[in-house]
Amino acid sequence: MENLISLVNKLQQACTALGDHGEESALPTLWDSLPSIAVVGGQSSGKSSVLESVVGKDFLPRGSGIVTRRPLVLQLHRIDGDREYAEFMHQPRKRYTDFAAVRKEIADETDRETGRSKQISPVPIHLSIYSPNVVNLTLIDLPGLTKVAVEGQPDSIVQDIENMVRSYIEKPNCIILAVSPANQDLATSDAIKISREVDPKGERTFGVLTKIDLMDKGTDAVDILEGRSYRLQHPWVGVVNRSQQDINKNVDMIAARRREREYFSTTPEYKHLAPRMGSEYLAKMLSKNLEQVIKSRIPGLQSLITKTIAELETELNRLGKPIANDAGGKLYTIMEICRMFDSIYKEHLDGVRPGGEKVYHVFDNQFPVAIKRLQFDKQLSMENVKKLITEADGYQPHLIAPEQGYRRLIESCVVSIRGPAEAAVDAVHAILKDLVRKAINETHVTKLVKYLSPQELKQFPTLRVEVGNAAFESLDRMRDESKKNTLKLVDMECSYLTVDFFRKLPQDVEKGGNPSHSIFDRYNDSYLRRIGQTVLSYVNMVCATLRNSIPKSIVYCQVREAKRSLLDHFFTELGAREMKQLSKLLDEDPAVMERRTNLAKRLDLYRSAQAEIDAVAWSK
């Protein structure tokens with residue numbers, strides 16, 4: 001069973017080393033789940049003397065006011081032989097055999113954390129004491145409860161100390177060692193009051209009664225020790241500490257323990273309670289109870305650790321590993337992130353991911369609707385037809401068919417298609433840009449790099465902006481090229497008319513017309529109307545052609561090129577960048593870096609805890 005207490009000792013040390021003090025944070029805490037014994041008492045309750053009696057050494061700082069200003073995790077290790085020494089976790093290679101030096105180091109380490117002010121800190125000090133005269137036990141000495149702030153302390157110190165004590169003892173895995181002086185009314189005991197609030201049934205509270213030998217003559221503490229004044233689930237234990245005079249005379253702790261035994265065995269009121277009184281009995285009882293609590297909590301602790309390891313690994317994988325320090329590693333990371341972005345972008349266009357269907361919507365809906373809305377009626381009104389035909393004839397009226405007039409009428413109609421064509425180019429351009437934004441937000445490097453954990457493009461703000469800008473610049477170039485080619489298609493229809501269309505038109509002579517009629521008779525309404533209808537038929541044919549050819553041009557110049565060479569210019573320029581410039585691209589958010597570091601430490605802690613618990617379980 002001794003292995004169980006040693007196990008918790010190791011886990012507590014690991015928690016402190018890796019920053020887990022049980023305080024509220026965004027990280028999972030193992031500290032809060034570990035069984036522990038917290039020593040609670042008011043100032044001048046004899047709390048420090050109880051701890052020194054249990055250890056058998058005079059090693060705690062003394063003085064007026066609040067002396068204990070940081071939690072002291074006191075781990076006792078029973079060893080064979082006659083050696084006695086102490087070690088601090090913050091000084092792993094240094095052994096103390098002079099316990100007066102231990103007292104000084106506790107005070108110095110407290111000042112290192114809190115300064116020489118009288119502030120308190122939740123960061124614990126870990127002290128291990130190795131001796132043949134102790135039992136395997138771990139105690140957490142907490143600052144003494146007080147009712148008044150002394151000079152140099154903030155007014156909130158009273159509440160701050162109470163909050164710190166409460167944060168320890170309200171945990172269900174914490175055994176409360178409530179220290180109360182016998183020469184004061186138990187109803188006013190700070191330790192009993194606060195322990196009753198968090199443990200109303202007294203199931204995990206052990207009452208310790210100090211200063212029994214200092215009670216007024218004619219009074220005794222039998223009712224308290226026998227549980228009649230205030231009942232707990234566990235029996236009260238009385239102790240007789242060294243007096244201030246004994247401390248001043250440096251009375252040996254071993255001699256003090258002997259005098260304590262003699263007091264209880266010879267005092268008539270306590271003679272029948274002597275076997276379960278004294279600091280030695282208290283240490284053995286606490287050690288046994290702590291072992292039982294640890295044993296009962298091991299299965300739940302294993303389950304918690306396994307679950308938390310999985311959660312930590314998942315989040316670390318999401319955050320990704322730290323960025324490489326060398327230029328090659330940085331460049332490789334940037335290239336892989338960009339390639340994944342490019343791959344995701346193509347998936348949007350190819351239908352693997354949503355978004356690409358919007359391009360087809362432009363071709364199938366927006367562009368045809370825009371063409372239909374073109375008002376050819378204005379260009380082909382009777383007045384306009386007559387005007388353009390007459391102007392095209394000049395001083396020599398046409399003899400058979402008004403060819404130049406036809407050309408001008410057709411050109412005036414076809415040119416208006418440039419507007420819908422440009423609008424289609426711009427609409428696809430806007431969709432492609434929107435897909436860039438989506439792809440950036442969805443970029444995670446996972447399977448492409450074996451040793452690189454998932455990286456999000458949004459994890460690197462500067463790289464995100466540069467990739468976005470480079471993609472937008474490429475799309476702008478593609479749009480400009482697409483617009484040129486698309487408008488050329490429209491201009492081609494203006495520059496060369498489809499002759500076969502006109503050859504198939506019926507001629508006046510073939511229909512019985514009389515070519516000897518005056519040329520001016522040909523400008524009548526019926527004649528002009530037929531010209532307008534012919535031009536409209538031809539323009540509709542051109543619209544049908546462009547409705548098919550313009551989407552092809554847009555896809556070829558924009559969509560196809562975006563899939564082929566969206567980041568080509570960026571890659572070319574990237575290879576010429578120096579180390580500093582590459583580092584700027586990977587300027588990860590400091591909060592993410594700190595989170596990753598903390599998660600990695602916490603994961604190390606839980607893995608270490610898992611290994612330690614498994615070793616103890618297998619040994620059993």
Side-chain angles (χ1 to χ4, degrees), residues 12 15-16 19-25 29 31-32 36-52 59-74 88 90 102-127 139-171 174-181 183-199 205 207-208 210-211 241 244 247:
Q12 285 177 332
C15 284
T16 299
D20 181 3
H21 311 128
E23 74 278 8
E24 291 186 7
S25 71
T29 172
W31 179 276
D32 287 349
S36 59
I37 300 176
V39 185
V40 181
Q43 289 185 27
S44 303
S45 63
K47 183 166 60 73
S48 296
S49 296
V50 170
L51 289 173
E52 289 182 333
F59 68 98
L60 291 173
R62 295 180 179 275
S64 59
I66 301 173
V67 178
T68 304
R69 291 184 286 121
R70 288 176 61 182
L72 175 66
V73 180
L74 178 60
F88 287 96
H90 61 273
V102 172
R103 182 190 305 115
K104 182 178 184 302
E105 179 56 28
I106 291 174
D108 291 345
E109 178 62 14
T110 299
D111 289 342
R112 291 185 196 111
E113 180 68 25
T114 64
R116 294 198 173 273
S117 66
K118 296 184 179 180
Q119 300 284 349
I120 62 171
S121 168
V123 181
I125 298 173
H126 279 262
L127 172 63
L139 301 166
I140 303 175
D141 184 24
L142 298 171
L145 295 163
T146 183
K147 293 181 173 63
V148 180
V150 300
E151 185 179 353
Q153 293 177 334
D155 295 336
S156 63
I157 192 72
V158 176
Q159 190 62 47
D160 292 343
I161 293 175
E162 183 177 327
N163 291 342
M164 182 191 295
V165 171
R166 195 181 297 275
S167 70
Y168 277 84
I169 65 175
E170 67 185 1
K171 297 163 190 169
C174 180
I175 298 169
I176 305 168
L177 192 63
V179 180
S180 303
N183 60 351
Q184 294 180 12
D185 187 355
L186 194 63
T188 63
S189 168
D190 295 319
I192 292 298
K193 177 178 177 293
I194 196 169
S195 62
R196 182 188 294 166
E197 292 175 4
V198 299
D199 182 31
T205 301
V208 178
T210 62
K211 303 184 180 182
N241 298 324
Q244 188 60 48
I247 294 171

Legend entry - Donor-acceptor under 3.5 Å (Thr210 side chain, Ser45 main chain): yes
Legend entry - Non-neighbouring partners of Ser36 that pass side chain to side chain donor-acceptor pair (under 3.5 Å), sequence neighbours left out: none
Legend entry - Shortest non-hydrogen contact from Ile192 toward Ser180: CG1-OG, 3.6 Å
Legend entry - Glu109 and Phe88, any side-chain heavy atoms less than 4.5 Å apart: no
Inset, instruction - For the pair Ser189 (side chain) and Leu186 (backbone), establish whether a donor and an acceptor sit closer than 3.5 Å, ignoring hydrogens and angles. - result: no
Inset, instruction - Find the distance between CG (Leu177) and CG (Leu51) and round it off to the nearest 0.5 Å. - result: 7.5 Å
Legend entry - Heavy-atom closest pair, residues Val165 and Pro143: CG2-O, 3.8 Å
Legend entry - Separation of Ile157 CD1 from Ile120 CD1 (nearest 0.5 Å): 4.5 Å
Legend entry - Point-to-point distance, once rounded to the nearest 0.5 Å, from CD1 of Ile194 to OG1 of Thr205: 11.0 Å
Inset, instruction - Could you go through the salt bridge (charged side-chain N to carboxylate O under 4.0 Å, His left out) check for Arg166 and Glu162 one step at a time? - result: CA-CA 6 Å; Arg166 195 181 297 275; Glu162 183 177 327; 2.6 Å; yes
Inset, instruction - Could you tell me whether a side-chain N or O of Arg70 sits under 3.5 Å from a main-chain N or O of Ser121, the two making a donor and an acceptor? - result: no
Inset, instruction - Please name all residues satisfying side chain to side chain contact (heavy atoms under 4.5 Å, CB included) with Asn163, sequence neighbours left out, ordered by chain then number. - result: Gln159
Legend entry - Asp160: salt bridge (Lys or Arg N to Asp or Glu O under 4.0 Å) partners, not counting sequence neighbours: none
Inset, instruction - Could you tell me whether the side chain of Asp199 reaches within less than 4.5 Å of the side chain of Ile169, counting heavy atoms only? - result: no
Legend entry - Donor-acceptor pair, side chain of Lys47 and main chain of Asp141, under 3.5 angstrom: no
Legend entry - Min side-chain heavy-atom separation Ile161-Leu145 under 4.5 Å: yes
Inset, instruction - Could you tell me the separation between the CD1 atom of Ile175 and the CD1 atom of Ile140, rounded to the nearest 0.5 Å? - result: 10.5 Å
Inset, instruction - List for me each residue that meets side chain to side chain contact (heavy atoms under 4.5 Å, CB included) alongside Gln184, sequence neighbours excluded, and say none if there are none. - result: Pro181
Inset, instruction - Applying side chain to side chain donor-acceptor pair (under 3.5 Å), name anything that partners Thr114, two or more places apart in sequence or on another chain. - result: Arg69
Inset, instruction - Step by step, work out the side chain to side chain contact (heavy atoms under 4.5 Å, CB included) result for Ile176 and Tyr168. - result: CA-CA 9 Å; Ile176 305 168; Tyr168 277 84; over 6 Å; no
Inset, instruction - Any chance you could lay out the side chain to side chain contact (heavy atoms under 4.5 Å, CB included) test for Val50 and Val39, step after step, and finish with the verdict? - result: CA-CA 9 Å; Val50 170; Val39 185; 5.9 Å; no
Inset, instruction - Could you tell me which residues satisfy side chain to side chain contact (heavy atoms under 4.5 Å, CB included) with Ser49, sequence neighbours excluded, listed by chain and number? - result: Arg62, Asn241
